[in-house]
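Reading through the structure tokens given below for one structure.
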Amino acid sequence: MAYPEDALASHEELILKLHPHWWYIAKAAMALVATVIVGSWIGFAVLDSSVLRTVIGIAILAEVVWFVERLVRWTSIFFVLTSDRVMSREGIIAKRGIEIPLARINTVMFEQRIFERLLGLGNLVIESASTDGSQTFSTVRQPDEIQKQIYVQMEASSNRQHDRLGQAIAGASPGTPPGVGPAGPGGASITDQINELAALRDQGHLTEDEFQAKKNELLDRM
């Protein structure tokens, strides 16, 4: 199942789109193979019992169902990093999704045991300024590399926000009347620029003191 690309905004760039590590389905696959081998050996080479063969057949069927269920779930789970946010999507019929804007991420951590380091998987923990506090993404491929990518995109996103802020501040010239932008009625008015500053404050890019200082600077130009 392909990730729905229309979930991205028009200005948003897709950076990473990953399924869980193959270990997510490997355990079910190994259990199925082991059940088939051991069950066949016991049922046909060691004991000749129709009842036992029925039990073994049921066990193999159960392992097949488990493997197929894990495989289908694996194909429907996506970890997505874009230029603006981290997203997780899973499910075919009943679906579940998580979205964390990069601007609201505080800390990104990863956890790997020795065995997981050898296989290249682990857990990724993202702490953000949200009601949930933190989200854990398990069985992630190369979590240390994903951590680096998230920080790179966080910095790039912050730089874009500051560029837009600088353009908004520079766009207001002294003596510009309220409601009229520097390039005439089609330009950004001081009111619009203050609204943009408020949005940056709400997104965590500006503190309240910084917002008030920039706001006063714009009002002094009116």
Side-chain angles (χ1 to χ4, degrees), residues 1-9 11-38 62-161 203-205:
M1 175 181 292
Y3 179 78
E5 304 294 344
D6 57 0
L8 304 181
H11 64 276
E12 201 169 7
E13 180 184 356
L14 180 64
I15 307 299
L16 292 175
K17 181 179 70 174
L18 302 172
H19 289 297
H21 190 274
W22 55 264
W23 183 248
Y24 184 88
I25 58 176
K27 292 179 286 186
M30 290 187 293
L32 174 60
V33 171
T35 302
V36 171
I37 293 175
V38 175
E63 294 293 349
V64 169
V65 171
W66 183 36
F67 172 75
V68 171
E69 184 268 341
R70 295 290 286 183
L71 179 61
V72 171
R73 287 190 62 186
W74 179 84
T75 61
S76 69
I77 297 176
F78 291 91
F79 178 88
V80 179
L81 171 64
T82 76
S83 55
D84 292 334
R85 52 187 167 159
V86 170
M87 293 186 286
S88 175
R89 293 286 190 275
E90 64 179 272
I92 296 177
I93 299 176
K95 296 188 176 183
R96 177 175 178 265
I98 299 171
E99 294 188 10
I100 307 175
L102 296 179
R104 299 184 68 84
I105 294 177
N106 296 326
T107 308
V108 182
M109 301 173 289
F110 69 91
E111 303 169 346
Q112 282 183 301
R113 295 183 290 245
I114 295 178
F115 176 72
E116 292 173 332
R117 289 188 62 187
L118 294 175
L119 294 182
L121 75 149
N123 296 334
L124 193 70
V125 182
I126 299 179
E127 295 182 349
S128 62
S130 64
T131 54
D132 294 333
S134 67
Q135 293 288 340
T136 300
F137 303 91
S138 59
T139 325
V140 174
R141 306 183 187 195
Q142 303 297 340
D144 54 336
E145 293 298 325
I146 295 178
Q147 180 194 48
K148 294 177 184 177
Q149 284 288 339
I150 291 175
Y151 280 129
V152 167
Q153 295 306 315
M154 286 173 63
E155 183 177 2
S157 177
S158 178
N159 289 339
R160 288 193 299 271
Q161 292 281 4
Q203 293 169 4
H205 295 293

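No hydrogens, no waters, no symmetry mates; every other heavy atom, side chains included, goes into these values. Just so it is clear, the structure is predicted and the values come from calculations on it, not from any experiment.
- With sequence neighbours excluded, the residues forming a salt bridge (charged side-chain N to carboxylate O under 4.0 Å, His left out) with Arg113 are Glu116, listed by chain and number.
- The shortest side-chain heavy-atom distance between Val36 and Glu63 does not fall under the 4.5 Å cut-off.
- Here CD of Glu155 is found 10.0 Å from CD of Gln153. Values are rounded to the nearest 0.5 Å.
- The two residues Gln112 and Gly122 make their nearest non-hydrogen contact at CG-CA, 4.0 Å.
- Between Ser157 and Arg160, some side-chain heavy-atom pair lies under the 4.5 Å cut-off.
- Once rounded to the nearest 0.5 Å, the distance linking CG of Leu16 with CZ of Phe79 reads 7.5 Å.
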- Task: Report the C-alpha distance between His19 and Arg141 in whole Å, list the side-chain angles of each, state the deciding distance to 0.1 Å, and finish with yes or no for side-chain contact (heavy atoms from CB on, under 4.5 Å).
- Result: CA-CA 8 Å; His19 289 297; Arg141 306 183 187 195; 4.1 Å; yes
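- Side chain of Ser158 to backbone of Met154: no donor-acceptor contact under 3.5 angstrom is found.
- No donor-acceptor pair under 3.5 Å is formed between the side chain of His21 and the backbone N or O of Thr139.
- Here the shortest heavy-atom pairing between Ile25 and Arg70 reads CG2-O, 3.5 Å.
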- side-chain contact (heavy atoms from CB on, under 4.5 Å) evaluation trace for Val108 with Val86: CA-CA 11 Å; Val108 182; Val86 170; over 6 Å; no
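- With rounding to the nearest 0.5 angstrom, the CD1 atom of Ile100 is 4.5 Å from the CZ atom of Phe137.
- Smallest separation of non-hydrogen atoms from Gly91 and Ser76: N-OG, 3.4 Å.
- Note that the CE atom of Met109 and the CG atom of Leu124 stand 9.0 Å from one another [nearest 0.5 Å].
- Every residue two or more places apart in sequence or in another chain that forms a side chain to side chain donor-acceptor pair (under 3.5 Å) with Thr82 is listed here: Glu12.
- Residue Val125 comes nearest to Ser134 through the heavy atom pair CG1-CB, 4.4 Å, listed as atom of the first residue, atom of the second, then distance.
- Trp74 places a side-chain N or O within donor-acceptor distance of the main-chain N or O of Pro20, the cut-off being under 3.5 Å.
- Here Gln135 contributes atom CD and Glu127 contributes atom CD; the two are 11.0 Å apart, rounded to the nearest 0.5 Å.
- Summarising the geometry, atom CD1 belonging to Ile114 is positioned 12.5 Å from atom CG belonging to Leu119; distances are rounded to the nearest 0.5 Å.
- Side chain of Tyr24 to main chain of Arg73: no donor-acceptor pair is present (N/O by atom type, distance under 3.5 Å, no hydrogens or angles).
- Residues Phe110 and Val140 are not in side-chain contact: their nearest non-hydrogen atoms beyond the backbone lie 4.5 Å or more apart.
- Contact record, Asn106 with Ser128: ND2-C, 3.6 Å, taken as the closest heavy-atom pair.
- When all heavy atoms of Ile15 and Ser83 are compared, the pair lying nearest together is CG1-N, 3.9 Å.
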